[in-house]
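What follows is a single structure, written as C-alpha cells, with notes after it.
In listed order, ligands and their atoms are each counted from 1. Side chains included, hydrogens not; waters and symmetry mates left out as well; all remaining heavy atoms used.
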Amino acid sequence: MGAAGAQDAQQVDVAVVGAGFAGLYLLIRLRRAGFTAVALDTADDVGGTWYWNRYPGARCDIQTTDYSYTFDPELESAWHWSEKYATQPEILRYLGFVADRYDLRRDIRFGTKVLTATWDEAAQRWLLTTDNGKPVSCRYYIMASGCLSAPKPPEIDGVGDFKGEIYFTGRWPHDGVELAGKRVAVIGTGSSGVQSIPKIAEQAARLTVFQRTPNFAFPAHNGPSPADRVAALEKDRADYRAQARMSLTGVPLERATEFSWQLSEAERRQRFEKALAAGDLVAMLSQLWADQGGDLEGNALASDLLRERIRSIVKDPETAEALTPRDHPFGSKRPCLETDYYATFNRPNVTLVNLRQEPIQAITASGIKTDRRSFDLDVIVFATGFDAMTGAITSVHPIAGRGGKSISDVWASGPKTYLGLTVAGFPNLFMITGPGSPSVFSNMVVSIEQHADWVVDCLMAMREAGFTAIEATEAAQAGWARHMADCSQLTLHRLANTWYTGANVPGKAPGLMPYPGGVGPYRTICDEVVSRGMLGFTLSGPNGAAQCDDGEIVRLQPDVRLVLNMLADLNLPPLESFGAEGARGFVAQFNATRPAGRPVGEVLDGTLAGADGPLPYRLYRPATPGPHPIVVYFHGGGWVLGDAQSDDPFCRDMCRRSGMIFVSVGYRHAPEHRFPAAAEDGYAALRWIGEHAAELGGRPGPLLVAGWSAGGNIAAVTCQLARDRGGPSIAGQLLVNPVTDCTFDRPSYVENATGYFLTRSLMYWFWDLYCSPADRTDPRASPLRGKLEGLPAAFVVTCEFDPLRDEGIAYAEALAAAGVPVEQLQAGGHFHSSFTMVDVVATGVDGRAKMAEALRRFAEVEEAMPKAAE
Ligand code: NA7
C-alpha cells in the first residue's frame, strides 16, 4: 500500500478493532471526546466474544449485576437482566441494545477484516488495509480484540479425514446444530466444555467426552440475581461501582482476612459451604481464607474440599477420580462454574475418556482413535480453547511498528508491554485488556471501562498539549515486566500449565500474561503514570514538541507498595515524636492488628541470665521430633523498642521453615539501659543458652545466631564477642537488615531517608538513645569497625529501600574480605520490615526460605524438611 492508498483511505482520528464490550464503549467515549472514530469487525454484528461463542450452555460466569457497563446510570436502569448468569443470547441482546441506544452502528464497519496495520513514520499515522472497502488511515490504533478471540487449531492428526460434522465452541453456527440422535464427541473440559457438555448430553444419542486435564468446577446456582447482591447495588449504586473499581477482581466482595490456621476445621467447612452455596467464582476464590490463593498449604485445604464434592456426585469411582484435578492448585487454572456437569457423567449415554491414560492417536474418517479404542462418531465438538491474550493481537493481522518491526517478532519470547496498554516501538497503538493488564483475572467489563477511559483521557490530554504521538519507553516496559514477575510470586499460577501462561499452545513462550496484582492497585498505578507526567512515555508532536519522563512506575514489591501506601494514608506522626514509652505502646498496638503467627510445635516463655540480671526469653520449638539445632534470636526495634511479641511471626515462620528451635532473647533496652547493655546481654544470653542447650531440647553442637535490624547488630556483635571471649561456638550467623556502623552518609541513608517506614531521623533517634557519640565506634556498637577474621559463616540480608542497606552490604563485603564465608541476599523492591511482616508482605516468603536454607547449611542439617513446611 503506497502513498496513494493512504490518500484513498478513510481518514479518522482513531480506528478500533472489535465491536464487543471494549469496542462499543470506546466508540461512545471517543465520540463524546470529539474524536472521529471507526470500529472494524469481521463479524456482521456487535458482540465480540458473545457474537462467536454460541455453543449450547454458553453464559457469563461473573454475575450480571457486575458483568454490565457502569459508565451510565441511566443505561443501568434501562436494562434488566433476567438471570444471575445471563445466557449468550441475552448478553448479545444487551450489546445490541447498547449499540442502538448510543447509535454506534454507524461508526462500525462490519464484515471487515483488517489485513495489515503499518505505522507510517513520516505521516505519524497508522495505515490499515482491509478485505472489504477502503483502507483506513488513523492517528491512533486501538486493539479491542479481546483476550480469547483466536481459537486454537485442533492440533490432532487427521481432522481433515473425518466424514462427520466438526464444530468449534468458539465458532458455533448461528442457526444451531441438530444433535438429536447423534453420536457426539466433545474434546476439552475448560469452561466451554463444562458449560456445553450437560446440554449436549441431553440432546445427543451418545456423548463421549475426551478430557486431557480435569478442572476445578463448582455449581453456578443460576436463577434470579441473589437478593443481597441486588440490594447492595441498589442501596448505593455509585458506591458499589466505586468499590468494584478499587477491588482486586472488579467485583466488590470482601476478601477473607483470617488465615486457614486461625480457623477450625468446622469453621473452614462452614465457609466452604457458604461459598459453594453462593455459586460465585470470586467468592470461592477469595472468601475462604486469606492464604488460599498464594500458599500451597492454605490452597490444599480448599482444593481437598472441592475434590471431595466430585466424589460425592459422580457414582462410578473411576470416572470420579478421572474428573478430579490433582495436577494444579485450585485457582491456578481458571476454575469453572457448572450446572449439572458432574451429574452428567452418571447418565447412561455419557462416557468419559481420560486422555492421560489413553491419548488420542488420530481422528479418522469415522471417529476418534485412542491408544486403546476407536469411537465411531457423527459429530466432533472442539472445546479446545484459544491462543489467549497474545493471539488476540498477533493473529488478527500483521502489525508493523517503527522501522517495520513486527509485533509477532517483538513478542517471540513472550509479550512485552507497558501496563498491558502499549508496546515500545509501536507508537500510538493501544491494547484494551492486553497482556500485562488485569484482563482475564478480573471482571472484564470493569477492566475494559478503566482501559478505555485511560486511553481516551490520554488522547484528550495529548490533544490539549499539542502532542500527536505517544510511545512507551524500553525502560518503562522492562520495569513493568519485573513488576509482573514480582506480582506473580503472590499467586500459584506458576504451578499450573494453563492458557494464562501460554502452556496450552504448543511452542508458545511461557510466562504469566494477565497482570496478577489486582484491579484496584492496577488502576492506581495507571493513574500514577498520569500524575507523574506520563512516566515511561515519550510524547511528541509537530514543531519538535517532545516530552519524556522516563522511569519505572513500580519499583517496590507489590505488597510492600500496598503496605507503604496504607501507612502513608494513616498520616502518622513520626515514631520518634512519641518518646520511648509512647513509641513502645504504639508499636505494641500496631502489632496487635497483625495476623497471628502460624502454629509451631510449642511456644514457651522462660527466664535466662543476662549480663546484669534475669532476662525473659521465648522459645519456639518445631513440631518435628527433636533434638533440634538452636538459633539464638535478637528482635529488632532500634535497641529501644520491640520484644518477643514484635518478632513473633518471624520466629514462628523461621522455626517452621528451618526446623530449628528459635530462642528470642528479651535483652535490655535504651534509654533506660544504654550501650553496652544490649550487646552484653546478647553475649550473656548466648552463653546461658549454650549451657542449657540440652534442657531446652537443643541438639549437641554449636549454636546459631540471628537477628533483625538492631537485633542484627546484637547478633553480629555477639559473634565477635564469642570469638574473643572463648565461646560458645557458633555455626553461623543470620543478619537481617543489620545495623553495622555509625555513619549516616552512605547512599542508602540518603536515598531512603524518608518514605520507607524506617526513616533516617528515626535511626538518629535510636542511636541517640542507645549510645553516646564517643561510644559509637566501639565494635560492640559498630561491628563493622571490629576485627572480622575468624567469625562464623554469615548470611546477610539487605533490602533495596532501607537506609541500612549499604552498611549491611558493607559488613558482608568486609566479612568476605576477612575470609569469612558469606552469602548475601540483596532483596529488590523490599523495605526494612519486609521479611518480618510475615503474612502481610507475602513476597518475603522466598527470602525467608533462603534464610532457612542458609541456617540449615550452617548447622549441617541434611534431612529434607517436610514438604508442607517449605
Ligand atoms: P480452555 O479453558 O483453554 O479449555 C480448553 C480445553 O481443551 C482444556 O480442557 C484443554 O486441556 C483441552 N485441550 C486443548 N487442546 C487439546 C488437545 N489438543 N487435545 C485434548 N484436549 C485439549 O478454553 P475454554 O474455551 O473452555 O475456556 C476459555 C475461557 O473462556 C475460560 O477460561 C473462561 O475464562 C471463559 P488442557 O487443560 O490444556 O490439558
Side-chain angles (χ1 to χ4, degrees), residues 20-21 48-50 52-62 67 85 88 91 146-159 167-172 185-197 200 208-217 220 249-250 281-282 285 322-323 325-328 331-338 341 352-363 368-371 380-389 391-392 433 438-445 447 493 496-508 510 513-514:
F21 266 99
T49 219
W50 299 108
W52 298 106
N53 284 273
R54 298 175 185 238
Y55 59 84
R59 289 178 187 270
C60 57
D61 51 17
I62 292 290
Y67 197 71
Y85 297 112
Q88 173 272 335
I91 303 172
C147 294
L148 298 161
S149 49
K152 215 166 63 104
E155 299 157 3
I156 299 171
D157 289 343
V159 178
Y167 301 102
F168 289 80
T169 48
R171 291 287 179 275
W172 201 256
V186 173
I187 305 178
T189 53
S191 295
S192 305
V194 166
Q195 287 187 334
S196 61
I197 283 164
I200 294 174
T208 312
V209 175
F210 292 83
Q211 172 196 270
R212 190 161 67 183
T213 314
N215 259 353
F216 285 101
T249 55
L281 274 177
V282 181
L285 284 164
L323 287 165
R326 298 206 184 273
D327 72 335
H328 65 277
S332 60
K333 189 170 184 148
R334 175 66 146 75
C336 309
L337 285 184
E338 55 101 2
Y341 178 66
L352 179 71
V353 176
N354 181 350
L355 298 180
R356 298 283 177 205
Q357 285 173 0
E358 47 175 321
I360 296 179
Q361 277 188 351
I363 293 178
I368 295 179
K369 194 169 162 347
T370 71
D371 274 6
I380 300 178
V381 175
F382 285 93
T384 41
F386 301 86
D387 180 357
M389 314 277 312
T433 64
S439 59
V440 290
F441 282 162
S442 70
N443 172 1
M444 287 297 282
V445 191
S447 286
H493 293 296
N497 291 325
T498 67
W499 58 260
Y500 293 149
T501 62
N504 67 329
V505 175
K508 191 164 172 174
M513 293 183 286

[atom] - nearest protein heavy atom and its distance:
atom                    : answer
atom 3 (O) of ligand 1  : Trp499 CD1, 3.2 Å
atom 12 (C) of ligand 1 : Gly188 CA, 3.7 Å
atom 17 (C) of ligand 1 : Arg212 NH1, 3.4 Å
atom 26 (O) of ligand 1 : Ser192 N, 2.8 Å
atom 6 (C) of ligand 1  : Ala383 O, 3.3 Å

From CA spacing to verdict: ring-ring contact (aromatic ring centres under 6.0 Å, His included), Phe382, Phe210: CA-CA 10 Å; Phe382 285 93; Phe210 292 83; 10.0 Å; no

Should [X] be listed as contacting ligand 1, given a heavy-atom distance under 4.0 Å as the test?
X      : value
Lys333 : yes
Phe382 : no
Thr189 : yes
Val440 : no

Can you list the ligand 1 atoms lying under 4.0 Å from a non-hydrogen atom of [X]?
X      : result
Ile187 : 20 (C), 21 (N)
Glu155 : 15 (N), 18 (N)
Leu355 : 20 (C)
Pro154 : 18 (N)
Gly190 : 2 (O), 4 (O), 6 (C), 8 (C), 9 (O), 26 (O)
Lys152 : 14 (C), 15 (N)
Thr213 : 36 (P), 37 (O), 39 (O)

Flag, side chain of [X] to backbone of [Y], donor-acceptor distance under 3.5 Å:
X      : Y      : value
Gln211 : Leu352 : no
Arg54  : Trp172 : no
Arg356 : Arg212 : yes
Lys508 : Ala388 : yes
Ser196 : Ser192 : yes
Gln195 : Arg59  : yes

Evaluation steps, ring-ring contact (aromatic ring centres under 6.0 Å, His included), between Phe441 and Tyr500: CA-CA 9 Å; Phe441 282 162; Tyr500 293 149; 4.6 Å; yes

Exceeds 12 heavy-atom contacts within 6.0 angstrom, atom CG of Asn354: yes

Spacing of OG1 belonging to Thr384 relative to CD1 belonging to Ile187, to within rounding of 0.5 Å: 7.0 Å

